[in-house]
Amino acid sequence: MKLSYIIPIAIYGYTLVTLNVLFTLDYLAILLTLLGTVTVIKAKMDLGSYHVWTGYKREDTELVVRGIYRWIRHPLYVGIFIFIFGALFTVIPHVKWFLLVPFFASLSYIVIFLIIASKRETAFLRDKFGDRFSQYCEKVHPFLPFYK
């Protein structure tokens with residue numbers, strides 16, 4: 001999974017470096033990628049030593065419900081989705097079609113993988129923490145910052 005991030009990030013970086021002119025939409029797109037990046041960093045900071053790469057799990061974990069996890073159940077995935085959304089608006093109008101093919105292929109893989117991973121993570125945490133996690137799920141939306 002870690003390697004699949006290289007392709008879209010490299011194409012996004014190439015796009016930013018080779019931009020000759022910035023459109024209004026580009027400023028919004030860059031802000032979205034920054035917001036996604038900040039969201040991921042904040043989520044990793046709040047997880048601390050309990051952070052593991054997507055697809056892996058730790059048996060000695062704790063249920064983290066502080067910081068950004070108080071508002072969003074899967075903020076790491078949300079941050080990645082926000083970054084992807086912003087990158088799309090930067091890359092699509094500026095790169096040649098042959099770069100869009102690997103860009104969309106890798107993004108499709110990443111999105112599908114993260115959706116499946118979020119479901120598996122939810123099942124793992126529900127098994128590990130039982131009612132405590134179920135109560136947390138009732139209060140916190142998995143992807144939107146709405147406290148129920």
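Remember, predicted model here, so these are calculated numbers, not experimental data.
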Asks: Of all heavy-atom pairs between P75 and A43, which one has the smallest distance, and what is that distance?
Replies: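 Closest pair (atom of P75, atom of A43, distance): CG-CB, 3.7 Å.
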Asks: What is the distance from atom CD1 of I115 to atom CZ of F81, rounded to the nearest 0.5 Å?
Replies: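 So the gap between those two atoms works out to 5.0 Å.
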Asks: Any chance the rings of F85 and F89 have centres within less than 6.0 Å?
Replies: yes
Asks: Nearest 0.5 Å, what's the CZ-OG1 distance between F103 and T15?
Replies: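 Going from the CZ atom of F103 to the OG1 atom of T15 covers 7.0 Å.
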Asks: Would you say L31 and V91 are hydrophobically clustered, going by side-chain heavy atoms of ILVMFWY under 4.5 Å?
Replies: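 Different clusters: L31 never reaches V91 through Ile, Leu, Val, Met, Phe, Trp or Tyr contacts under 4.5 Å.
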Asks: Check whether any side-chain heavy atom of L144 sits under 4.5 Å from a side-chain heavy atom of I72, and report yes or no.
Replies: no
Asks: Got a sec, which residues hit salt bridge (charged side-chain N to carboxylate O under 4.0 Å, His left out) with D46, two or more places apart in sequence or on another chain?
Replies: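 For D46 the salt bridge (charged side-chain N to carboxylate O under 4.0 Å, His left out) partners, ignoring immediate neighbours, are K42.
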Asks: Can you check whether I84 reaches P8 side chain to side chain, under 4.5 Å on heavy atoms?
Replies: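 Not in contact.
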Asks: For residues F83 and Y12, establish whether the separation of their ring centroids is below 6.0 Å.
Replies: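 Yes, ring centres under 6.0 Å apart.
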Asks: Measure the spacing between NZ of K128 and CD of E121 and express it to the nearest 0.5 Å.
Replies: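 Atom-to-atom, K128:NZ and E121:CD are 13.5 Å apart.
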Asks: Output the distance between atom CD1 (I82) and atom OH (Y77), rounded to the nearest 0.5 Å.
Replies: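 Reported value, rounded in 0.5 Å steps: 15.0 Å.
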Asks: So do F133 and R73 actually touch side chain to side chain, heavy atoms under 4.5 Å?
Replies: yes
Asks: What's the shortest heavy-atom distance between P102 and I11, and which atoms?
Replies: CG-CD1, 4.2 Å
Asks: Can you confirm whether V64 sits close enough to R66 that some side-chain heavy atom of one is under 4.5 Å from a side-chain heavy atom of the other?
Replies: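 V64 vs R66: side chains touch.
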Asks: Given the rule in the side-chain contact (heavy atoms from CB on, under 4.5 Å) test, do R70 and V65 qualify, once you have shown the distances and angles that lead to the verdict?
Replies: CA-CA 5 Å; R70 182 173 180 229; V65 296; over 6 Å; no
Asks: Applying the 4.5 Å side-chain criterion to the ILVMFWY set and letting contacts propagate, would M45 and V38 be lumped into a single cluster?
Replies: no
Asks: Between I112 and I7, is there shared hydrophobic-cluster membership here, with clusters defined by ILVMFWY side-chain heavy atoms closer than 4.5 Å?
Replies: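 Not linked; separate clusters.
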Asks: Should R126 and C137 count as side-chain neighbours, where that means a heavy-atom distance under 4.5 Å?
Replies: yes
Asks: Parallel, tilted or perpendicular, judged at 30° and 60°: which one describes the rings of H141 and F143?
Replies: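 H141 and F143: perpendicular rings.
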Asks: Once rounded to the nearest 0.5 Å, what's the spacing between atom CD1 of I92 and atom CG of L99?
Replies: 12.5 Å
Asks: Is it possible for you to say whether L35 and Y27 belong to one hydrophobic cluster, with membership spreading through side-chain heavy-atom contacts below 4.5 Å?
Replies: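 Hydrophobic grouping puts L35 with Y27.
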Asks: Determine whether F23 and V21 make a side-chain contact, defined as any pair of heavy atoms from C-beta on separated by less than 4.5 Å.
Replies: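 When only atoms from C-beta onward are counted, V21 and F23 do touch, with a gap below 4.5 Å.
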Asks: Given side chains that start at C-beta, do those of L114 and L76 come closer than 4.5 Å, heavy atoms only?
Replies: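 Result no, sub-4.5 Å side-chain heavy-atom pair not found.
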Asks: Would you say D127 has more than 12 foreign heavy atoms packed within less than 6.0 Å of its CG?
Replies: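 Yes - once you tally the heavy atoms of other residues, nucleotides and ligands closer than 6.0 Å, there are more than 12.
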Asks: Is the shortest side-chain heavy-atom distance between H94 and N20 below 4.5 Å?
Replies: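 No, their side chains stay 4.5 Å or more apart.
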Asks: Nearest 0.5 angstrom please: I80 CD1 to F113 CZ, how far?
Replies: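 Output value for this atom pair is 10.0 Å.
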Asks: Following the transitive rule for hydrophobic clusters with a side-chain heavy-atom cut-off under 4.5 Å over Ile, Leu, Val, Met, Phe, Trp and Tyr, establish whether V101 and I9 coincide in one cluster.
Replies: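 Same cluster.
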Asks: State which residue, out of L16, I30, T90, fulfils the side-chain contact (heavy atoms from CB on, under 4.5 Å) condition with L22.
Replies: I30
